[in-house]
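A short worksheet on the structure shown next.
All residue numbers in this chain count up from 1 along the given sequence.
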Amino acid sequence: IDLRDYSFKLLKGTAAVHAASKKVQNVLQLGELFCQYYVETEYQDDFRKFINEITINDRFQTNRLVSYEYMTKNIGWCRARIMPGEMDSKGRYMTAIFTTESAVDHHKELSVLRVAASRDALTGIMNRYSGEHAIKDALSKPEPAIFALFDCDHFKMINDKLGHPVGDQVLIEVANSLTDVYPRDLVMRLGGDEFVVLVTNPVTVAQAQQEGIACILEPLKDRLKKIHIPQLRTTPTLSCGAVFIPARTNFELADVYELADKKLYEAKVTHNGNVASAEMPKE
């Protein structure tokens with residue numbers, strides 16, 4: 001691009017770009033044509049600002065390379081870049097090079113990384129970071145919910161006597177059981193052998209209100225009995241501290257967790273595999 005009169009020379013491009021370049025007088029017109037036919041509507045205004053050659057020199061004062069990612073109508077994500085070329089005696093750039101290329105593979109890689117960052121490496125369910133963010137968001141909504149904190153019974157003994165590979169298998173099977181029983185709810189691994197389920201399914205919450213929280217944990221007990229790990233003589237069990245969160249409240253996660261932790265301690269003292277529950281006090 002010649003920044004003095006905005007003329008341009010096409011170095012490399014698709015057949016469509018070559019054809020379009022022959023219909024315009026300068027790069028401003030080419031950019032507008034490209035924007036109109038190829039750039040998705042919601043990205044067009046920002047794309048026009050990006051390719052505004054009049055502002056390029058000012059942008060080069062702070063960045064030697066300016067770039068912008070946008071969505072196209074035909075191939076998906078693309079990345080455009082403008083790089084400085086020749087400079088005059090006054091320090092103003094006379095030329096620049098504009099490139100645009102597919103960024104689909106890059107965005108696929110980012111998507112994989114985002115998933116990896118949000119998931120527990122061992123069990124595949126939400127990790128603490130992503131889980132806490134999701135739960136905080138859910139707690140800000142007016143609907144009632146149940147916060148259930150689970151702990152694997154005798155887990156240290158399993159690790160010490162049978163080894164960590166067996167312990168890992170227990171955690172994987174427990175995570176699978178939780179997601180099977182609560183497919184519409186938030187399930188996360190808090191850390192170690194502790195898991196959290198935030199029950200938001202209206203049907204399940206209503207059942208817990210009518211029959212008690214323990215009733216919605218019965219299907220989980222049945223599911224845990226189906227776990228078969230040859231090295232274990234018995235199937236794993238979970239103790240639970242559960243907290244009912246009334247509708248139209250906005251409790252802090254730390255307060256809900258503190259009460260659930262107290263109830264979990266009560267459950268384990270009473271009997272392994274037991275559940276102790278409470279309701280968050282009215283504000």
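Partners of T179 by side chain to side chain donor-acceptor pair (under 3.5 Å), not counting sequence neighbours: none found. The salt bridge (charged side-chain N to carboxylate O under 4.0 Å, His left out) check on D151 picks up K268, with sequence neighbours excluded. Remark: E32 pairs with R48 by the side chain to side chain donor-acceptor pair (under 3.5 Å) rule, at least two apart or across chains. Residues passing the side-chain contact (heavy atoms from CB on, under 4.5 Å) test with Q25, sequence neighbours excluded: Q29. Listed by chain and residue number, nothing satisfies the side-chain contact (heavy atoms from CB on, under 4.5 Å) test with A206 (two or more places apart in sequence, or in another chain). Not counting sequence neighbours, K22 has no partner by the side-chain contact (heavy atoms from CB on, under 4.5 Å) test.
The side chain to side chain contact (heavy atoms under 4.5 Å, CB included) test with L220 singles out one residue from L238, V275, V174, and that residue is L238.
Rounding to the nearest 0.5 Å gives a distance of 7.0 Å between CG of L28 and CG of N52. Rounded to the nearest 0.5 angstrom, E266 CD and D261 CG are separated by 10.5 Å. To the nearest 0.5 Å, atoms CE (M126) and CG (L198) are separated by 9.0 Å. We find the OG-CD1 distance between S67 and I82 to be 9.5 Å, quoted to the nearest 0.5 Å. In this structure, CD in E252 is found 7.0 Å from CG in N250, a value given to the nearest 0.5 Å. Note: R128 CZ to L190 CG = 4.5 Å, rounded to the nearest 0.5 Å.
Contacts classified as side-chain hydrogen bond (donor to acceptor under 3.5 Å, both in side chains) and involving residues 1-17 (residues at least two apart or in different chains) are given here: D2-R4, D5-S7. A ring pair (Phe, Tyr, Trp, His ring centres under 6.0 Å) check over residues 17-63, counting only residues at least two apart or in different chains, returns the pairs F34-Y38, F34-F47, Y43-W77, F47-Y70, F50-Y68, F60-Y93. Contacts classified as salt bridge (charged side-chain N to carboxylate O under 4.0 Å, His left out) and involving residues 199-223 (residues at least two apart or in different chains) are given here: D180-R223, E218-K221.
A 4.5 Å side-chain heavy-atom check between P236 and I227 finds at least one atom pair inside the cut-off. Contact check for Q169 versus Q231: no side-chain heavy atoms found under the 4.5 Å cut-off. In this structure, I229 and E173 have side chains that are in contact, with non-hydrogen atoms separated by less than 4.5 Å. At least one side-chain heavy atom of L259 sits less than 4.5 Å from a side-chain heavy atom of M280. Using a 4.5 Å heavy-atom cutoff, the side chains of T235 and L224 are not in contact.
Linking ILVMFWY side-chain heavy atoms closer than 4.5 Å, directly or via other members, places V187 and V199 in a single hydrophobic cluster. In terms of hydrophobic clustering, with Ile, Leu, Val, Met, Phe, Trp and Tyr side chains grouped at heavy-atom distances under 4.5 Å, I172 and V181 are assigned to a common cluster. Cluster annotation: L122 is connected to V197 through the hydrophobic network of ILVMFWY side chains, with a link wherever side-chain heavy atoms come within less than 4.5 Å. Taken together through direct or relayed side-chain contacts under 4.5 Å among Ile, Leu, Val, Met, Phe, Trp and Tyr, I125 and L149 form parts of separate hydrophobic clusters. Both V39 and L30 are part of a single hydrophobic cluster, where members link through side-chain heavy atoms under 4.5 Å apart.
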>> Is there a side-chain contact (heavy atoms from CB on, under 4.5 Å) between E101 and R81? Walk through the geometry before answering.
In response: CA-CA 9 Å; E101 60 191 358; R81 290 181 282 195; 2.4 Å; yes
>> Determine whether E143 and R248 satisfy the following criterion, salt bridge (charged side-chain N to carboxylate O under 4.0 Å, His left out), listing intermediate values before the conclusion.
In response: CA-CA 6 Å; E143 293 80 11; R248 291 178 171 75; over 6 Å; no
> Between S277 and K263, does a side-chain contact (heavy atoms from CB on, under 4.5 Å) hold up when you go through it step by step?
Replying inline: CA-CA 6 Å; S277 60; K263 290 299 167 181; 5.9 Å; no
>> Could you go through Q36 and Q44, starting from their C-alpha distance and side-chain angles, then the distance that decides it, and tell me whether this counts as side-chain contact (heavy atoms from CB on, under 4.5 Å)?
In response: CA-CA 8 Å; Q36 180 180 350; Q44 288 183 3; 5.5 Å; no
> Hey, mind stepping through N57 and L3 against side-chain contact (heavy atoms from CB on, under 4.5 Å) and telling me if it holds?
Replying inline: CA-CA 9 Å; N57 262 297; L3 299 177; 3.9 Å; yes
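Side-chain contact check for S130 and N127: at least one donor-acceptor pair (N or O, by modelled atom type) lies under 3.5 Å.
Taking the charged nitrogens against the carboxylate oxygens, E194 and R189 have no contact shorter than 4.0 Å, which rules out a salt bridge. The pair D160-K156 meets the salt-bridge criterion, with a side-chain N (NZ, NE, NH1 or NH2) lying under 4.0 Å from an Asp/Glu carboxylate O.
When all heavy atoms are compared, the tightest approach of V66 to R59 is CG1-CB, 4.0 Å.
Grouping Ile, Leu, Val, Met, Phe, Trp and Tyr residues whose side-chain heavy atoms lie under 4.5 Å apart, directly or via other members, leaves M94 alone, with no other cluster members. Hydrophobic side-chain contacts under 4.5 Å tie M83 into a cluster, directly or through other members, with L65, I97.
Annotation for K73: atom NZ counts as buried by contact number, over 12 foreign heavy atoms lying within 6.0 Å.
Judged purely by atom type and a 3.5 angstrom limit, D185 uses its side chain to pair as donor or acceptor with the backbone of N201.
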Residues 133-141, side-chain donor-acceptor partners within the protein, below 3.5 Å, at least two apart:
unit_1	atom_1	unit_2	atom_2	d
H133	ND1	Y129	O	2.9
S140	OG	D137	O	2.5

